[in-house]
Amino acid sequence: MISDPAGQSATSSPPQASVNPLGDELAGNRTAQPCALVIFGATGDLTKRKLVPSLMGLAKDGLLPASFAVVGFARRPWSDEHFRNEMLEGVGSFGRSDTRASFEALSDSFSYHQSDFSDAAGYERLAERLDEIDQQLGTKGNRLFYLATPPSAYSVILENLAKSGLSRESEGRFSRIIVEKPFGRDIATASALNEQIRQGFDENQVFRIDHYLGKETVQNILALRFSNGIFEPLWNENFVDHVQITVAESIGVGSRGGYFEESGIIRDMIQNHLMQVMTLIAMEPPSALTADAVRDEKVKVLRAIRSFAPEEIDDATVRAQYERASFEGTEVNGYLEETGVAADSNTETFAAVRLCVENWRWAKTPFFLRSGKRLPRRVTEVAIHFKQPPHHLFPDASPKPNVLLIRVQPDEGVALRFGSKVPGPDMRIRDVRMDFQYGTAFGAETADAYERLLLDAMLGDGTLFARRDEVEEAWRIVDSIVAGWQQSSARPATYAAGSWGPNAAGRLLGEGREWRKP
Amino acid sequence: MTTIAGPQLFRTSAHAANPGELQQALTATWQELGAAGNDVARAVTINFVAVGRAGSDGAAATADMQGALDHLIRRSPARAFLVTIDAAAARPAVEVRAIARDRGSSRHVLLESIAVRLPPSWSPHVPGLVRPLLINDLPTHVYWADDWHDSAAFDAMRALGDHTVVDSRRFTLPAVQLPELHRARTTGGPVTDLDWLRLRPWRRACAEGFERLHFLPGTTVQGVIRHGRGGTSTATLLAHWLESRLGAQLALEEGETPDSALENVTLRFAEQELEVTRTGSCVLLKASTPAVCYLPLRLPGSRGNEGELLAAAIDIA
Ligand SMILES: NC(=O)c1ccc[n+]([C@@H]2O[C@H](COP(=O)([O-])OP(=O)(O)OC[C@H]3O[C@@H](n4cnc5c(N)ncnc54)[C@H](OP(=O)(O)O)[C@@H]3O)[C@@H](O)[C@H]2O)c1
């Protein structure tokens, strides 16, 4: 309760606690508590294209708290009005259908706060502004900070949030922070960032975004594995020959050449998205669907993967760069010809790695992770390749091994490849596919990953966010690969833009296996 | 005639049949779906049975159901039975059609719709007509798209499914029928009232209002619910809820608007006031105490269309 009406506290006995007789209408579902969201970097691309349209998706579904405010924090001299107009434009262009109306209803709750990230006074004014908002809109002192800024700005913002006291939680009031990727560029920078976050925020106040975890089909991995009895008994080295995880993009580095030179595909995609998906595939069943129970199991998978010794790198990884080729009807640049890329760059635009999870379940089942730019199409999938039956009853048939395919994007769904008899007098076997399409069974318009993640952060549910130890373990593995590459005298292999990567990637799999061409 | 609707949706023509030939009509529909050599697969996730009555103008209560079904199947592809009891119908008539989504050479069936129009004497036969065609292993949702006039008929339909949906906005004697519905809810499988879902923004706004006020248990609350001319049932439903939760004394007032929506709710106690008003597609909450007058809050109103509410009711179940 925010105020005490006149007369209620006139007696000497302790004031009776006020109650909300309809409070259960606000609790028990997935509507978050009242809060103010402060977006650092509010004039940037992410805010306009993803964050605000996603908020309006939540509003449309009635999942935003009624007492809710957004404060945009950035440098440009924008007015509240200008900020609202920009956001409305973003919602119109990038939001789900019908979300403009949600923005129009909520636009009064959006305001703009101009300040440089390094200006301590800006945070004092922000704190005052947030107090006013609490009074006017009933946001109850709850704050959610979103770092939608270049990573170079994280440090100064974190320092100022801690100094100004804005990061501090007090009884019944939360203060949380969402941090965007990239989360460091190696284990040293990631732990330094974690340390700095720890100065102001406890781990349960921190939400490290990996938007892959917000995707319905990635969460469906948990549902598929743990809500069905038929898969789990097969989910181990006795039945699974190997697992392929692919995140392919058809675009090149475009105007982001300078940024990409510093990261490469291994830091940009494999350290986060692919390893996160892999942990969901490989983890043991958690004891409960709580943030720590799930993340405890995920981190155990990463811990079971040894760092690579430099001499193992050539055998366990492949790195490559795309070369000029005709792709989708036009001649496209090779990586070394892209703007911002050094002529002798060794940065990889394609990487494939073989990871061995050294535990009871997976000791003999390799996981192959592959990601690249300028591959034939944009696709993300997990393919579980099962072993052949132990005895070949049909000598004339050569069915391929069963594959359980989890398609994350596009055409989200699950498919199973199996052999079936071709109708006729003889016993011929052909591969057929049993196909479940997510969009068909559950409707076409699924929420953006950011919607789910923003809501979870407001609810304080960290299940779909990377915990500190997960991030650092993933960097440990990736650092050992990068170190091996740096020590190697060999240059990255090459592949034609629009192909499925270099031939060398094939040898990684070993005999009798081949990469899928999704 | 076969028409294509939307970029990927394929609608078959209507296949007429007698009640005894339903299976054949379904087969003919599937033959049409596969005529171009597509791989046809059923993607339905529920059985859906809607039962309504033709109005005095001859229009079926389930006629508007076709539009609602289009919404429903976006979320829950269905084998759907639309049963209309029609006093003007001389004999039973059945029409089967399907909607599928094309993906490459595959065709995924999203809706198999079986529209049945029956004279009232056929009412007792409805469960026997529907039951053999329900798809095994899928949940069955029954939608009672009618006024509440006969508890036995309701129970017979309800026994067909795992979950029943009603829309109490259709009730003509809400003061009597809502308690009947309440009793039904406590005796059998789950029952969802679409009008209760429609009231969600109002319930939420009232609850938000109390977050701002200082309410002590036992305080007497007085209030008024103003509703459009067709909205007595909706207002009664909200009043029952508020009375049971607050011990409130509420008056219902009929307002000016012709529709069935609520116009305004005002609750007062101990010099405090909470007011919720419909404004366009939103509801506006105002709350004040002697010490503070809060900025008005706008909450999204109910999207309200029958198909979306049905989809939500089925999701919740
Ligand atoms: N864009 C995407 O789709 C996307 C997707 C995934 C992850 N991300 C991550 O999200 C983060 C933000 O990306 P973005 O594309 O939105 O970046 P951006 O467009 O470059 O925006 C940067 C924002 O930071 C503000 N800013 C920078 N320095 C500042 C300072 N000293 N004081 C105050 N404001 C300052 C800018 O404000 P002014 O313009 O007012 O100076 C601007 O609002 C990055 O970490 C990125 O990796 C982005």
Side-chain angles (χ1 to χ4, degrees), chain A residues 1-9 15-27 29 31 33-34 56 58-69 98-99 101-102 104-109 133 135-138 140 411 413 432-437 439-445, chain B residues 8 39 41 43-45 73-77 100-101 103-104 106 108-110 200-201 203-219 221 241-242 245-248 270-272 279-282 284-285 287 289-292 294-303 311:
Chain A
M1 287 297 118
I2 295 159
S3 66
D4 200 17
Q8 294 287 357
S9 54
Q16 211 183 333
S18 127
V19 293
N20 184 340
L22 309 178
D24 55 343
E25 280 297 312
L26 305 174
N29 57 25
T31 303
Q33 290 177 52
M56 292 311 112
L58 291 174
K60 178 185 170 187
D61 291 346
L63 294 170
L64 271 192
S67 299
F68 178 71
D98 302 340
T99 42
S102 305
E104 277 153 13
L106 281 171
S107 69
D108 289 352
S109 326
I133 288 174
Q135 284 303 313
Q136 290 166 347
L137 291 173
K140 299 195 163 177
D411 296 338
V432 294
R433 223 161 109 132
M434 205 150 71
D435 206 342
F436 155 75
Q437 304 247 358
T440 305
F442 294 119
E445 193 179 60
Chain B
Q8 297 160 312
D39 290 336
V44 305
T45 54
I73 60 168
R74 285 184 207 162
R75 191 80 199 153
S76 299
R101 174 179 289 139
R103 279 183 191 263
S106 310
H108 294 256
V109 180
L110 302 180
R200 166 95 178 109
R203 291 186 277 129
R204 191 170 161 214
C206 291
E208 284 290 350
F210 276 98
E211 284 289 295
R212 288 154 181 74
L213 306 179
H214 190 91
F215 179 81
L216 300 177
T219 309
V221 179
W241 177 66
L242 288 170
R245 303 300 293 274
L246 306 172
E271 294 182 71
Q272 302 177 71
T279 55
S281 62
C282 302
L284 191 73
L285 164 68
T289 73
V292 184
Y294 290 96
L295 281 184
L297 259 190
R298 220 178 269 274
L299 290 108
S302 170
R303 275 174 268 151

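Lettering of chains follows the sequences in order, A, B, ..., and the numbering in each one begins at 1.
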Segment of B:Leu285 engaging chain A (4.5 angstrom heavy-atom cut-off): neither
Side chain / backbone / both / neither for B:Cys282 at chain A, heavy atoms under 4.5 Å: side chain
B:Arg203 bridged to A:Asp24 by N-O distance under 4.0 Å: no
Rounded to the nearest 0.5 Å, how far does [atom2] of [Y] lie from [atom1] of [X]?
| X | Y | atom1 | atom2 | answer |
| --- | --- | --- | --- | --- |
| A:Phe436 | B:Thr45 | CZ | OG1 | 9.0 Å |
| A:Glu25 | B:Glu208 | CD | CD | 10.5 Å |
| A:Leu26 | B:Glu211 | CG | CD | 5.5 Å |
| B:Gln272 | A:Ser18 | CD | OG | 8.0 Å |
| B:Leu297 | A:Gln136 | CG | CD | 11.5 Å |

Any residue meeting side-chain contact (heavy atoms from CB on, under 4.5 Å) with A:Thr99, in chain and number order, not counting sequence neighbours: A:Met56, A:Lys60, A:Val91, A:Arg96
Segment of A:Ala59 engaging chain B (4.5 angstrom heavy-atom cut-off): backbone
Residue part contacting chain B, namely of A:Ser67, when any heavy atom lies under 4.5 Å: both
Beyond-backbone contact of [X] with [Y], side-chain heavy atoms, under 4.5 angstrom:
| X | Y | answer |
| --- | --- | --- |
| B:Phe215 | A:Asn20 | no |
| A:Leu22 | B:Leu246 | yes |
| A:Val19 | B:Pro217 | yes |

Any donor-acceptor pair under 3.5 Å from B:Arg212 side chain to A:Gly138 backbone: no
